[in-house]
Amino acid sequence: MTISMVFRANSINHTPSFPNPTKTHFLSPQNLLHFYKKTPLKNHIGEFSCSSPGPVVVGLAADSGCGKTTFMKRLTSVFGGAPKADHNHQNPDSNTLITDTTTVICLDDYHLLDRKERKEKGVTALHPRANNFDLMFEQIEALKHGFPIEKPIYNHATGLLDPPELIHPPKILVLEGLHPLYDSRVRDLLDFSIYLDISNEVKFSWKIQRDMAERGHSLESVRASIKARKSDFDAYIEPQKQYASVVMEVLPTQLIPDDTERKVLRVRLIMKESGVKNFQPIYIFDEGSTISWVPCGRKLTCSYPGIKFFCGPEAYFENEVTVLEMDGEFDKLEELVYVEGHLCNVSTKFYGEVTQQMLKNCDFEGSNNGTGFFQTLIALKIRDLYEQVAMSNGVGDGVGVGSLASTK
Ligand SMILES: Nc1ncnc2c1ncn2[C@@H]1O[C@H](COP(=O)(O)OP(=O)(O)OP(=O)(O)O)[C@@H](O)[C@H]1O
Ligand SMILES: O=C(CO)[C@H](O)[C@H](O)COP(=O)(O)O
């Protein structure tokens, strides 16, 4: 089917080009077509194929500086395919990452107010008023139904909204940013979602590391920026974690008493037991049991302070979840295969695939601890989910174990 339409951002203060659908107003591709036949586009830009079925849509929510970029690198590495170099030619400040299989949209592009306007109105980028959720919903829904969109670009260099870029529906669409789970209409479009829950202590240490070393900020300005965002973070970002399919909590270690370095991390992967189609939680040894495991010994080298795993059922926002926890660091990544061998429900295609991925990406942040390990496990779960959806749609093309991809 070839359809000539693009769901576009009409202006910087986008006038929604679509009737404002409610949660119950489901729009099939036919309905969308019907609407567009009746409502000619102001700026028609060509003929595009409606790729049917549309993408699997994944949301990745977190505050700024909480490791979304690193996570995306691991995810695109699992899906394979190098980033398309030509995409950013039109605007080198585009935030979108496109590989053969995956498109990662940064939701900062749906900022409604630019930097100057936010300052004038005294709102942060985290506040819903600063973001255009109507446009976000319309465009993600259009992509989900296989239609291309013209998405705005928030330029982080200038703080302005740039002219829109054309985005075609991919196989896997990832929405990363502050608010993928905030608006219930957008939330309902997600097949899988992740919330990166970085504790204040760790967030502060990561932000200092990046903003001071790489962006030339002072310690005081990093502190002030975290403080200024805190109340909006608490009100609008953090509550999203209750909706996520999985939450990755990153906490200070419990293995070193009074640790202030924040280098050794305790990472908890909180996985919903039910309600997430095509996803089953990972566990150790025996499903439903509570297991504490110190694997250090003959098969796993552990220097101080060692490694401790935990796995078991818990309640999280009234949901039954399985929690997989790792505290400590790996000494030798190749020995990770020993731990991998004791995990169940890991969506690998062959024995040792997690370890292979970790070794391939050993230079990424968090490769020696639970952040990198669990990011890899989730990436494989998303690949599996995609393949199950593709199979049930009769498309059945696996996404292979791909080459190393890099992001922003
Ligand atoms: N797993 C990790 N282990 C240790 N440090 C990490 C990890 N992930 C991220 N960091 C630190 O946090 C910083 C921010 O990470 P990253 O750029 O991935 O975050 P982000 O959420 O994409 O940020 P932004 O939204 O501001 O672009 C990194 O530069 C690094 O210093
Ligand atoms: O929280 C953020 C998401 O990355 C940014 O602060 C927000 O997008 C505003 O960006 P900038 O500081 O470049 O104006």
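All residue numbers in this chain count up from 1 along the given sequence. One-based numbering, in listed order, for ligands and for the atoms of each.
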Ignoring hydrogens and geometry, is there a side-chain-to-backbone donor-acceptor pair from D327 to I307 under 3.5 Å?
no
I'd like the atom pairs linking ligand 2 to the protein - N or O on both sides, separation under 3.5 Å - with distances to 0.1 Å.
{"from": "ligand 2", "atom 1": "1 (O)", "to": "R229", "atom 2": "NH1", "distance (Å)": "3.1"}
{"from": "ligand 2", "atom 1": "1 (O)", "to": "R229", "atom 2": "NH2", "distance (Å)": "2.6"}
{"from": "ligand 2", "atom 1": "4 (O)", "to": "D108", "atom 2": "OD2", "distance (Å)": "2.9"}
{"from": "ligand 2", "atom 1": "6 (O)", "to": "R229", "atom 2": "NH1", "distance (Å)": "3.0"}
{"from": "ligand 2", "atom 1": "8 (O)", "to": "D108", "atom 2": "OD2", "distance (Å)": "3.2"}
{"from": "ligand 2", "atom 1": "8 (O)", "to": "H111", "atom 2": "NE2", "distance (Å)": "2.7"}
{"from": "ligand 2", "atom 1": "8 (O)", "to": "H156", "atom 2": "NE2", "distance (Å)": "3.4"}
{"from": "ligand 2", "atom 1": "13 (O)", "to": "R115", "atom 2": "NH2", "distance (Å)": "2.9"}
{"from": "ligand 2", "atom 1": "14 (O)", "to": "R115", "atom 2": "NE", "distance (Å)": "2.8"}
{"from": "ligand 2", "atom 1": "14 (O)", "to": "R115", "atom 2": "NH2", "distance (Å)": "3.3"}
{"from": "ligand 2", "atom 1": "14 (O)", "to": "R118", "atom 2": "NH2", "distance (Å)": "2.9"}
{"from": "ligand 2", "atom 1": "14 (O)", "to": "Y154", "atom 2": "OH", "distance (Å)": "2.5"}

Heavy-atom check, side chain of M391 versus side chain of E387, under 4.5 Å
no
Has ligand 1 got any nitrogen or oxygen that is less than 3.5 angstrom from a nitrogen or oxygen of L265?
no
Counting from 1, what ligand 1 atoms have a heavy atom of K68 closer than 4.0 Å?
18 (O), 19 (O), 20 (P), 21 (O), 22 (O), 25 (O)
Which is closest to atom 24 (P) of ligand 1 by heavy-atom distance: S205, G65, A62?
G65
Cation-pi check, K73 to F364: give yes when NZ or CZ is under 6.0 Å from the six-membered ring centre and within 45° of the ring axis, no otherwise.
yes
Enumerate donor-acceptor pairs with a distance under 3.5 Å from any side-chain N or O in residues 269-281 to protein atoms, sequence neighbours excluded.
{"from": "K272", "atom 1": "NZ", "to": "Q242", "atom 2": "O", "distance (Å)": "3.4"}
{"from": "K272", "atom 1": "NZ", "to": "Y243", "atom 2": "O", "distance (Å)": "3.4"}
{"from": "K272", "atom 1": "NZ", "to": "A244", "atom 2": "O", "distance (Å)": "3.3"}
{"from": "E273", "atom 1": "OE2", "to": "T322", "atom 2": "OG1", "distance (Å)": "2.3"}

Within the structure, does Q375 bring an N/O atom to less than 3.5 angstrom of an N/O atom in ligand 1?
no
Under the 3.5 angstrom rule, does the side chain of H145 hit a backbone N or O of E141 as a donor-acceptor pair?
yes
T371: numbered ligand 1 atoms lying under 4.0 Å from its heavy atoms:
1 (N), 2 (C)
Salt bridge (charged side-chain N to carboxylate O under 4.0 Å, His left out) evaluation trace for D183 with R187:
CA-CA 6 Å; D183 185 297; R187 202 160 68 223; over 6 Å; no
What part of E365 sits under 4.0 Å from ligand 1 if we count only heavy atoms: the side chain, the backbone, both or neither?
both
Given W206, F71, F364, F374, which one has a non-hydrogen atom that is nearest to atom 12 (O) of ligand 1?
W206
If you measure from NE2 on H111 to CD on E117, what distance do you get to the nearest 0.5 Å?
12.0 Å
At less than 4.0 angstrom from any non-hydrogen atom of Q209, what atoms of ligand 1 do you find?
31 (O)
C66 touching ligand 1 at heavy-atom level, < 4.0 angstrom
yes
Centroid-centroid under 6.0 Å between H179 and Y236 rings
no
Give me the one residue out of V339, V267, T355, L333 that meets side-chain contact (heavy atoms from CB on, under 4.5 Å) with F373.
V339
Ligand 1 contact on T70 by region, counting heavy-atom pairs under 4.0 Å:
both
Looking only at N/O atoms, are N369 and ligand 1 under 3.5 Å apart anywhere?
no
Ring centres of F133 and Y182 under 6.0 Å apart?
yes
If you measure only the distance, is there a donor-acceptor pair under 3.5 Å linking the side chains of E365 and T371?
no
